[in-house]
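Since the structure comes first, as structure tokens, the remarks are kept for the end.
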Number of protein chains: 2
Amino acid sequence: MNLSIAEENYVKAIYKLQEGDTAVTTNALAYELDTKPASVTDMAKKLKDKQLIDYEKYKGITLTAEGRKTALQIVRRHRLWECFLVDKLAFSWEEVHELAEELEHVRSEKLTNRLSEYLGNPTVDPHGDPIPDAHGRMAKPRPQTSLDQANAKRLVVTAVTDQSVALLAFLNAKGIRLGTQLEIVAHYEYDNSIEIKMKHAPSLTISEQVAKNIMVRPV
Amino acid sequence: MNLSIAEENYVKAIYKLQEGDTAVTTNALAYELDTKPASVTDMAKKLKDKQLIDYEKYKGITLTAEGRKTALQIVRRHRLWECFLVDKLAFSWEEVHELAEELEHVRSEKLTNRLSEYLGNPTVDPHGDPIPDAHGRMAKPRPQTSLDQANAKRLVVTAVTDQSVALLAFLNAKGIRLGTQLEIVAHYEYDNSIEIKMKHAPSLTISEQVAKNIMVRPV
DNA sequence: AATATTGTTTAGACAAATCTAAATAATTTA
DNA sequence: TAAATTATTTAGATTTGTCTAAACAATATT
Ligand SMILES: [Mn+2]
Ligand SMILES: [Mn+2]
Ligand SMILES: [Mn+2]
Ligand SMILES: [Mn+2]
């Protein structure tokens, strides 16, 4: 099936929003893609015709098996290009999403697989998200929790859930990246802020909002 | 100026066809882009509006200074990606054009310049074509002639003008690539075929058509 | 010079992707 | 449950890039 760039972006967005079996709503998809609900309805009809989604008027959207397979291929390309940009071209993690958003649309299995191999077949991207392999399989991520819910004291950063430039740049400024080890020094109940301590640095206090978006596991 | 992919492909094709100051004809451009003359006329009006080309009805098309600059940026991206695919991902020279045709449309100066640097700022692409630098300047290619016109006996292959998969695959099969050294053993006047000899290989005879598309200079 | 051929443009149409505004369905509130 | 609100769809338009068929211009042939 030959998909346009717009169609690919829709399929990927549906995949992103579809947690488990919950149908994706028209409005949510419009918001995610920065477009209008009317446009989503139009596209939903096209993707249904192409059998990439199940869709009934007013009932929301879910990917078919075929659609899920397609989505995983796009996600694979996106995350591999992000790795390339960070690992080989020394881009910072907040710069790569936008570029990968375009590079992901070059559809060549050979290119994708060669790129993966060249990068050492990475299993996570620069934001800690898992990379599907050539068959669409993702390594089951090791158990992780958001920093605000962590109970162990010594932790390592495994992923970031909000990948906005604003948060990623903030984390850069504070020296927090994937693999960073830290200890929880204190929880402040007033605003649920959390004081953390990293090696070779004074402790710092981060807001609940930041903590919620940092994923960690016990070291 | 924000150009669509279609517009970029037109600008690049005009650049390719515009040798010196000869205006590019509607039909030639349609053939090059595998489209119809009527479509070219439509696009010519748009590119004229955007001041990328000079165009008067029935008088053909030439790039403006702005258009030339745009074309050189696209050519730069195209050739850098070709280098990447060959040098880093081990693609063969006949596979890369099609992929670069898509990758060239990712418009990011930062990406382009980082890629160039990563590749060691190459000055020629895998087909021997020169790569414009960040300012659009190309190294003046060292003097070269087509193999059928060469008079020196000991030669080195510097470029290939016909870059069809068919010719490139033929040259692969015969062990002829950029940098290959060869001697002219004989010219056969009957069909203008040329017998050549490369190191560590028996001599072989190639047709005039092949010879015309191999660029060489004295070693 | 008249005619034929070739090259180019125009007119009118279509598909893809989007939009706004209006209509309709589903859900929540009173 | 009736009214109000929210979510979604439809109708109709627009832009981009393309096409075919017909008209027109430039060039070549007799
Ligand atoms: Mn994208
Ligand atoms: Mn990512
Ligand atoms: Mn292209
Ligand atoms: Mn090339």
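Atom set for the values below is all heavy atoms of this structure, side chains included, hydrogens, waters and symmetry mates excluded.
- Within the nucleic acid shown, Lys59(B) has no heavy atom closer than 4.0 Å to any nucleic acid atom.
- One atom, CD1 of Ile61(A), and another, P of dA7(D), lie 15 Å apart when rounded to the nearest Å.
- Protein atom NZ of Lys36(A) is 15 Å distant from nucleotide atom P of dA7(D), rounded to whole Å.
- One can place CG of Asn9(B) at 14 Å from C1' of dT16(D), the figure rounded to the nearest angstrom.
- Remark: Thr41(A) is in phosphate contact with dT9(D), judged by side-chain N or O atoms under 4.0 Å from OP1 or OP2.
- The NZ atom of Lys50(A) sits 14 Å away from the P atom of dA15(C) (whole-angstrom rounding).
- Along DNA chain C, the nucleotide nearest Lys46(A) and the nucleotide nearest Val40(B) are compared for position; the residue whose nucleotide lies closer to the 5' end is Val40(B).
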Quick one: do Glu8(B) and Arg77(B) satisfy salt bridge (charged side-chain N to carboxylate O under 4.0 Å, His left out)? Show the steps, please. CA-CA 12 Å; Glu8(B) 284 198 339; Arg77(B) 295 193 296 258; 3.1 Å; yes
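- In the set dT18(C), dT8(D), dC19(D), the nucleotide with an atom closest to the side chain of Thr35(A) is dT18(C).
- Atoms CG (Asp42(A)) and C1' (dA16(C)) sit 10 Å apart, rounded to a whole Å.
- Contact check of residues 51-58 of chain A against DNA chain D (heavy atom, cut-off under 4.0 Å) returns Tyr55(A), Lys57(A), Tyr58(A).
- Separating the OH atom of Tyr31(B) from the C1' atom of dG7(C) is a distance of 17 Å, rounded to the nearest angstrom.
- Residue Ala38(A) places its side chain closer to dT9(D) than to any other of dT9(D), dT18(D), dT9(C).
- Atom CG in Leu29(B) sits about 11 Å away from atom P in dT9(C), given to the nearest Å.
- At the phosphate of dT8(C), OP1 or OP2 sits under 4.0 Å from a side-chain N or O atom of Asn27(B).
- A cation-pi arrangement, defined by a distance under 6.0 Å to the six-membered ring centre and an angle within 45 degrees of its axis, is absent between Arg68(B) and Tyr15(B).
- Glu32(B) has a carboxylate O that lies under 4.0 Å from a charged side-chain N of Lys16(B), or vice versa, which qualifies the two as a salt bridge.
- Counting only distance, with no hydrogens or angles, the side chain of Arg114(A) and the backbone of Leu89(B) share a donor-acceptor pair below 3.5 Å.
- Among the heavy atoms of the strands lying under 4.0 Å from Thr26(A) are primed sugar atoms or P, OP1, OP2 only; no base atom is included.
- Using modelled atom types, no side-chain atom of Arg79(B) and backbone atom of Ile74(B) make a donor-acceptor pair closer than 3.5 Å.
- Classification of Glu95(A) and Lys110(B) as a salt-bridged pair holds, one side-chain N sitting under 4.0 Å from a carboxylate O.
- Distance CD1 (Ile5(B)) to P (dG17(D)): 10 Å, rounded to an integer number of Å.
- Judged by the 6.0 Å distance and 45° axis criteria, Lys88(B) is positioned over the aromatic ring of Tyr118(B).
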